[in-house]
Amino acid sequence: MTTLHVTNGRVLRPDHSVTESDVLIDQSTGTIERVAPPGRIDATAEETLDAAGGLVVPGLINAHGHAAMTLLRGYADDKALDAWLQEDIWPVEAELTAEDVRVGTELAAVEMIRTGTTGFADMYFEEPHVAGVVEASGLRALLGHGFVSVGKDEDDAREDMKTSVNFADQYDGLAGGRIATAVMPHSLTTVNEELLREAVERAREAEVPVHIHANETEDEVDPIVDERGVRPLDYAEDVGLLEDGDFLAHCVHVDDAEVERLADSDATAVHCPASNAKLASGIAPVADMLDAGITVGLGTDGAASNNDLDMFDEIRDAAMLGKLGADDAAAVPAGAAVRMATEGSAAALGFDSGRIEAGANADLAVVDLDAAHLTPAHDLVSHLAYAASGQDVRHTVCDGQVLMEEREIRTLDAAAIRERAQEQAEDLVARAE
Ligand SMILES: CSC[C@H]1O[C@@H](n2cnc3c(O)ncnc32)[C@H](O)[C@@H]1O
Ligand SMILES: [Zn+2]
């Protein structure tokens with residue numbers, strides 16, 4: 001076995017206590033072998049990572065997004081979802097090439113590794129190219145081809161759905177198990193009932209989950225209530241959704257009965273507080289969802305509605321908006337927000353990650369605590385939620401491989417990727433004019 005020894009740091013344990021511990025990683029399995037006080041681990045590891053003055057935390061997991069939308073960061077701001085998609089985003093996406101997606105996803109990978117994210121979900125187009133970036137970057141990901149039926153003829157829409165199923169079927173488990181997949185209908189209103197039912201059925205046959213946007217805006221809820229006389233999550237269950245492994249992005253406009261329905265199911269929710277705030281979609285009742293026992297993960301959504309992929313921002317936004325939404329400063333405390341970005345997101349994506357513990361995937365980040373804004377150190381969980389940012393991350397490790405050491409990304413050429421992304425983004429926008 002080849003080993004990686006993370007030395008001299010403090011470790012955020014699963015119960016959120018912090019101990020002075022070393023972490024021994026088995027690189028051949030990509031898992032954590034031992035967490036033990038310094039000096040208790042035999043110092044013969046092939047590789048060491050110095051965590052002195054740092055806090056070793058589970059790698060953050062971005063459980064909902066559209067990675068290549070980094071190319072559209074700052075392209076269209078300050079609009080509500082429907083107008084933003086229809087007037088600005090979809091017209092440009094109509095011009096997207098596989099190379100755009102590859103370059104945009106590389107840029108996203110650089111940003112994620114830089115800010116301590118080790119795993120992400122992606123619903124987008126040209127997913128084989130996204131898979132290539134995942135393979136090269138060393139990140140862990142759950143990928144799916146997103147499809148819609150609105151604005152398409154029946155045959156095209158069915159082909160698009162089949163692309164989603166075939167991709168999920170063929171790519172599940174690739175990159176040494178770092179790639180998982182799902183079938184990804186875009187939303188309950190942009191995919192018609194017949195295709196939605198068929199997609200769910202095919203996902204079950206392929207034994208992969210389904211990921212979908214749900215209850216994001218009132219404009220998305222009202223037509224379902226008006227046309228079907230039921231709430232969206234009743235409809236979702238009726239078409240076969242809400243099974244174990246399925247995960248729903250947003251869940252902003254869910255009523256009490258829908259919260260109960262989700263809690264009674266084995267599906268999970270992914271909260272996207274920054275995107276929901278920026279598009280003025282609303283504030284998800286995340287405190288109620290957690291109280292009801294729903295597993296809630298955290299996601300940035302695309303960089304065009306956030307506008308970054310820093311999960312530390314997301315943790316803070318989840319705590320802040322959770323309090324505002326519940327009108328209660330005690331709602332969504334620091335620890336709950338950190339859990340959403342770690343254990344919650346890991347559970348949503350089915351990753352055995354999100355905790356620093358023997359047996360878990362060796363997906364972690366080391367946060368440099370040697371900074372004025374992280375002093376004094378009364379409560380390090382508080383710092384993770386309210387004071388730290390992705391720029392404080394010093395090392396990033398995924399599947400036992402060091403992806404970033406001393407703020408230098410090892411697996412990707414960050415400078416070249418940024419330069420290429422600038423050119424590609426300009427070219428994409430020019431093509432769409
Ligand atoms: C069919 S691939 C995914 C599709 O979703 C679009 N998108 C980006 N952000 C959001 C959001 O917040 N809600 C709904 N859809 C979103 C993206 O631009 C792609 O077209
Ligand atoms: Zn989204």
Side-chain angles (χ1 to χ4, degrees), residues 62-73 75-96 98 100-101 104-105 108 120-127 129-130 142-152 156-157 159-165 167-168 181-192 195-196 199 210-221 232 247-253 269-282 284 297-309 314 345 348 428 432:
N62 188 347
H64 174 73
H66 316 280
M69 289 187 86
T70 50
L71 291 194
L72 298 176
R73 189 198 322 268
Y75 170 72
D77 296 318
D78 311 323
K79 280 191 184 180
L81 178 69
D82 206 40
W84 177 74
L85 283 175
Q86 302 215 32
E87 293 166 14
D88 300 306
I89 300 299
W90 284 343
V92 188
E93 286 180 340
E95 302 300 324
L96 265 183
D100 293 326
V101 171
T105 306
F120 69 103
D122 188 56
M123 174 200 283
Y124 215 49
F125 312 105
E126 306 290 354
E127 285 296 315
H129 296 266
V130 177
L142 186 148
L143 309 178
H145 172 85
F147 65 96
V148 300
S149 65
V150 281
K152 286 187 183 151
D156 286 352
E159 274 314 301
D160 210 12
M161 182 273 287
K162 284 184 187 165
T163 301
S164 191
V165 174
F167 173 81
T181 59
V183 172
M184 299 198 183
H186 174 253
S187 80
L188 295 168
T189 50
T190 51
V191 177
N192 68 43
L195 273 192
L196 199 51
V210 181
H211 177 41
I212 190 165
H213 293 96
N215 300 50
E216 182 175 358
T217 62
E218 272 168 350
D219 288 348
E220 198 186 304
V221 170
F247 57 112
L248 312 179
H250 299 294
C251 299
V252 174
H253 299 281
V270 181
H271 183 35
C272 302
S275 176
N276 295 154
K278 182 161 183 269
L279 301 170
S281 301
L298 205 53
T300 57
D301 215 336
S305 63
N306 188 297
N307 283 2
D308 63 45
L309 305 181
E314 225 54 43
S345 285
L428 167 62

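Please read all numbers here as calculations on a predicted model, not as lab measurements. Indexing begins at 1, ligand by ligand and atom by atom, following the structure's order.
Summarising the geometry of S281 relative to H253, their closest heavy-atom pair is O-NE2, 2.6 Å, with the distance given to 0.1 Å. Between G146 and F125, the closest heavy-atom pair is O-CE2, 3.9 Å. Nearest heavy-atom pair across S345 and L298 is OG-N, 2.9 Å. Of all heavy-atom pairs between W84 and A76, the closest is NE1-O, 2.9 Å.
Using cut-offs of 30° and 60° for the angle between ring planes, the H211 and H64 rings count as perpendicular. Aromatic ring pairs are classed by plane angle as parallel below 30°, tilted from 30° to 60° and perpendicular above 60°; the pair H213 and H66 is parallel.
With respect to atom 11 (C) of ligand 1, the closest heavy atom belonging to the protein is E216 OE2, 3.4 Å. Of the protein's non-hydrogen atoms, H186 NE2, 2.8 Å is the one closest to atom 15 (N) of ligand 1. Atom 17 (C) of ligand 1 has E93 OE2, 3.4 Å as its closest protein atom, hydrogens excluded (heavy atom only).
Less than 4.0 angstrom separates some heavy atom of G146 from each of these atoms of ligand 1: 1 (C), 2 (S). Near W90, with a cut-off below 4.0 Å to any heavy atom, the atoms of ligand 1 are 20 (O). Atoms of ligand 1 lying under 4.0 Å from at least one heavy atom of I89, given by number and element, are 18 (O). Close contacts between ligand 1 and F125 involve ligand atoms 1 (C), 2 (S), 20 (O) [criterion: under 4.0 Å to a heavy atom].
Here H250 fails the criterion, with no N, O or S atom under 2.8 Å of the Zn ion (ligand 2). Counting backbone and side-chain atoms alike, H66 contributes an N/O/S atom closer than 2.8 Å to the Zn ion (ligand 2). Residue side and main chain included, D301 places an N/O/S atom under 2.8 Å of the Zn ion (ligand 2).
At a 4.0 Å heavy-atom cut-off, ligand 1 touches H66 through the side chain alone.
L196 has its side chain within reach of I212: a pair of non-hydrogen atoms, C-beta onward, lies under 4.5 Å apart. Inter-residue side-chain proximity for F147 and T163 is flagged as unmet; no heavy-atom pair is nearer than 4.5 Å.
Within the 4.0 Å heavy-atom shell around ligand 1 one finds H250. Distances shorter than 4.0 angstrom occur between a heavy atom of M69 and an atom of ligand 1.
Electrostatic pairing of K278 and D77 counts as a salt bridge here, judged by a charged N lying under 4.0 Å from a carboxylate O.
A donor atom on one side chain and an acceptor atom on the other are not found under 3.5 Å apart for N62 and E314.
Considering backbone and side-chain N/O atoms, W84 never comes within less than 3.5 Å of an N/O atom of ligand 1.
When the N, O or S atoms of H213 are ranked by distance to the Zn ion (ligand 2), NE2 comes first.
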